[in-house]
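Scroll down for the structure; my scribbles are underneath it.
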Amino acid sequence: MKLTWFLEHPALRRAVMLSFVLAFGAFLIMPLITLLLWAFADRWFFPNLVPQVWGFKWWGWILENTDITKAAKWSFMIAPTVTLLSAVICLPAAYAFARFEFPFKRFLYVALLASNAFPKLGLYIAIAALFFQFRLIGTFWGVVLVQLINTLVTMTWIPAAGFSSVPRELEEAARDLGASPLRVFFAVTLPIAMPGVIVAMILVFLGSLDEAQATLLIGAPNIITMPVQMYTLVGNYPEPVGAIFSILLTIPSLVLLVLARKFLVSGYLAAGFK
Amino acid sequence: MSQINFIDVSKFYAGKPAVDKLNLEIKSGEFVSLLGPSGCGKTTSLRMLAGFLEPDAGDIQLAGKSVLGLGAEVRPTAMVFQRYTLFPHMNIFHNVAFGLKLRKLEAQKIRDRVARILELVGLPDFEKRYPAQLSGGQQQRIALARALVVEPQVLLLDEPLSSLDARLRVNLREEIKAIQRQLGITTVFVTHDQEEALAVSDRIAVMNEGVLQQYAAPDELYARPATLFAAQFIGSMNLISGRIAGGWLEAGAFRIPVPNLEAQSITLAVRPEDLEFAIAHQLALDNVSAKLEGVTELGHYRSLRVKTGQSNLTVFAARGATPEAASDARLWLRRALVYAGDKLLTELIAEPHGKIEVI
């Protein structure tokens, strides 16, 4: 008898598949369930599978904590600023990489990875030393600057792929009909490459919301964002605080993903090029 | 008026000429095809006219004025591309209206002109659809509408039919020709398909390796190709190398008196329809013996593979008019062209039952 005899019975095969799917689902969802349980637990001791006392005690505490609301404010000021600045700096570069030939193009393209090649913490300490001289430590723009460095690869590579997938014929057709190069970019190239740009912007935005190391080093003590605050909360308070905070941090990602769904799954691009 | 002149236009890629000293005059309202195999310089020439490329030497004039240095966006030309023609993120109305909006026309005028041009290309009421919902042929019609709606002086067509299937290609080229005639717009059409060029053009410029081979009307081009390249490229042609000596032309099995021609090496070029293949007694005396090697049915006519002497020739015959593998069959030559080197030397036309000598 073959080792895989059970695969030959349709019912058994379905059962095997189902159990795999369930196992994978559990692997994904169990940590989230634990998180949710902790978030609504006022008291939860070891042998019990669910908390002994449910409640909203820690929610109130967190929402009223001024440190945390201040951190949220900083986070939601820094993330959009970083995203927009990164777009302004990187999108022209992405377009240039996609469309123009210039010396050292391949080298420069790969060199964008340079900041990822070193241990992050070492790099941040070096940057902190530099920023100290320019009085950027503990300032809003200091944090924005250091976070920008992390966004370069994402914001250049993904849109560059998007731009180079736009057929040149379409740009030429627009020019031929009388559009200036700038007009061609905004009316034709950018809209068609938009899914890639949106994806890059989402990744950068979420990355900035999640960034803790560099922000801690450069921003402290004045600029404390939510992930930085998280370190303090997880270290100093009971488990529910960390759980609730994690859930709060998830909300922006979820909202963005729902909003961007149209772009992420859009099939009109490929379908239009017959 | 929108006469076009290419004057000694050259374009080099990596030191090699893609277009070599092109001189071409296209009259106002004329439909001219640039015909040649890929890499012959036809598309490069078209793109220089459109303003996407600048020539390295020479001048391009429109209505007597040089257009060099003007970008594609200011030249009064409009182009239909081979692929990826429509903006996928805009519906048909916005695609067609694109050029009009850039010209800052009033909204009502734009709507009227878009509606009128969609009527002209036979796709009214398509305004709300998106390019992905259209077939390839419909997309090319919309692309044509988008080019024509801005009322350009010159319409440029860069192999717009090559991605379509055969039947549609024939229909659409007839429509394009009809629209062109109706509007009287000067049109330059790039194609590698000689049948397409012959069918629609007023004149055809045959190009090869950047060099203009011949510029003539379709019937002249077919009847008397000026170069050996044009002879091979347009239609099908039997080529037999031979020589002229002592007032006789000898090529393969054919021996023809040519009292006025100098002694030299030549190539005899014969259209398949200028050969007649029949059993001996049906033909006049002057013919050569030949052997039928195969028959291809091509619908309204048959293509015969015939061997005479050392040469394999193609002969077109009417349906049912073929002797089936007759051993004593004969081949009769009605008309032939003689090329010396690459250039056309002379045309030979057989008088009834004359001229051609049997070996």
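A, B, ... follow the sequence lines: proteins, then strands. Residue 1 opens every chain.
Counting heavy-atom neighbours within 6.0 Å of A:F24 CZ, excluding the residue itself, gives a total of 12 or less. A 6.0 Å sphere centred on NZ of B:K109 holds no more than 12 heavy atoms belonging to other residues, nucleotides or ligands. The environment of B:F12 atom CZ is dense: over 12 non-hydrogen atoms of other residues, nucleotides or ligands sit within 6.0 angstrom. Crowding of A:K70 atom NZ: a count of heavy atoms from other residues, nucleotides or ligands under 6.0 Å not exceeding 12. Enclosure of atom CD in B:Q108 by more than 12 non-hydrogen atoms of other residues, nucleotides or ligands within 6.0 angstrom is indicated. Few gaps surround CD on B:E25; more than 12 heavy atoms of other groups in view lie less than 6.0 Å from it. Environment of CZ in A:F100: crowded, with over 12 heavy atoms of neighbouring residues, nucleotides or ligands closer than 6.0 Å.
Proximity to chain B (any heavy atom under 4.5 Å) is restricted, for A:R183, to the side chain, taken from C-beta onward. In this structure, the portion of B:F81 lying under 4.5 Å from any heavy atom of chain A is its side chain and not its backbone. At a 4.5 Å heavy-atom cutoff, B:V74 makes no contact with chain A through either its backbone or its side chain. Only the side chain of B:R103 comes within contact range of chain A, judged by heavy atoms closer than 4.5 Å.
The CE atom of B:M79 sits 9.0 Å away from the CD atom of A:E169 when rounded to the nearest 0.5 Å.
B:P88 and A:L170 get closest at one heavy-atom pair: CD-CD1, 3.7 Å. Closest of all the heavy-atom pairs between B:R146 and A:A173 is NH2-CB, 3.5 Å. Taking each heavy atom of B:H89 and A:P191 in turn, the nearest pair found is CD2-CB, 3.4 Å.
For the options B:R47, B:R75, B:E73, heavy-atom pairs under 4.5 Å to chain A are most numerous at B:E73. Annotation: maximal heavy-atom pairing with chain A below 4.5 Å, among B:F52, B:Y130, B:F98, occurs at B:F52.
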